[in-house]
Amino acid sequence: MALLNVLCYPDPRLHKIAKPVAQVDARIKKIVADMADTMYEAPGVGLAATQVDIHERILVIDLSDEQNELMVFINPEITWASAEKKSWREGCLSVPEFYDEVERPAEIRIKALDIEGKEFELEADGLLAVCLQHELDHLQGKVFVEYLSLLKRTRISQKLKKRSKELEGER
Ligand code: NI
């Protein structure tokens with residue numbers, strides 16, 4: 001088991017754009033396993049490779065209560081999104097202790113490769129649709145706070161900078 005360091009907003013590396021995975025090989029499988037360990041340890045329901053400073057299109061999600069239903073999405077692409085939108089209160093491992101409402105399409109269709117490199121398609125609504133769109137944004141270098149007002153974003157950014165300074169001081 002290997003835990004990866006999760007970048008904290010406003011770290012500029014969170015704004016890098018991830019590249020597609022060329023081949024799902026042993027290296028990618030190791031990254032997926034480490035990302036899953038990191039997500040479960042946090043604990044969180046989703047993690048994008050960008051958040052652990054790996055800039056390749058990889059996501060892991062697990063919405064189960066038991067945390068035993070890992071979903072892996074390699075090179076995910078949204079192929080359809082509903083016109084209907086829905087607002088959810090979102091949080092993020094890279095933005096600790098902040099939650100706010102974000103409006104997104106209520107339903108999406110996505111295609112991706114699984115851990116064996118096999119393509120699959122999935123229709124998602126509810127929390128899975130929210131989670132997938134949130135994580136896909138990370139791969140594009142976007143953090144959910146960027147949907148909020150500049151005032152809120154500035155406040156979050158200042159508080160988190162202060163928080164990471166305090167954490168450094170404790171080390
Ligand atoms: Ni996030």
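Values reported hereafter were calculated over all heavy atoms of this structure, with side chains retained and with hydrogens, waters and symmetry mates removed. Indexing begins at 1, ligand by ligand and atom by atom, following the structure's order. These numbers come from a predicted model, not from an experiment.
- In this structure His138 satisfies the ring pair (Phe, Tyr, Trp, His ring centres under 6.0 Å) test together with His134, sequence neighbours excluded.
- Residue pairs meeting the salt bridge (Lys or Arg N to Asp or Glu O under 4.0 Å) criterion with at least one partner in residues 17-30, sequence neighbours excluded, are Arg27-Glu56, Lys29-Glu116, Lys30-Asp34.
- The stretch residues 134-145 participates, sequence neighbours left out, in these salt bridge (Lys or Arg N to Asp or Glu O under 4.0 Å) pairs: Arg104-Asp137.
- Residues Lys111 and Glu77 are not paired through a salt bridge, judged by the lack of any N-O separation under 4.0 Å between the basic side chain and the carboxylate.
- Distances under 2.8 Å from the Ni ion (ligand 1) pick out the protein N/O/S atoms Cys92 SG, His134 NE2, His138 NE2.
- In this structure, Phe120 and Phe73 have tilted ring planes: the angle between them lies in the 30° to 60° band.
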For the pair Leu148 and Ile156, evaluate side chain to side chain contact (heavy atoms under 4.5 Å, CB included) and give the outcome as yes or no after the intermediate values.
CA-CA 10 Å; Leu148 309 178; Ile156 291 170; 4.0 Å; yes
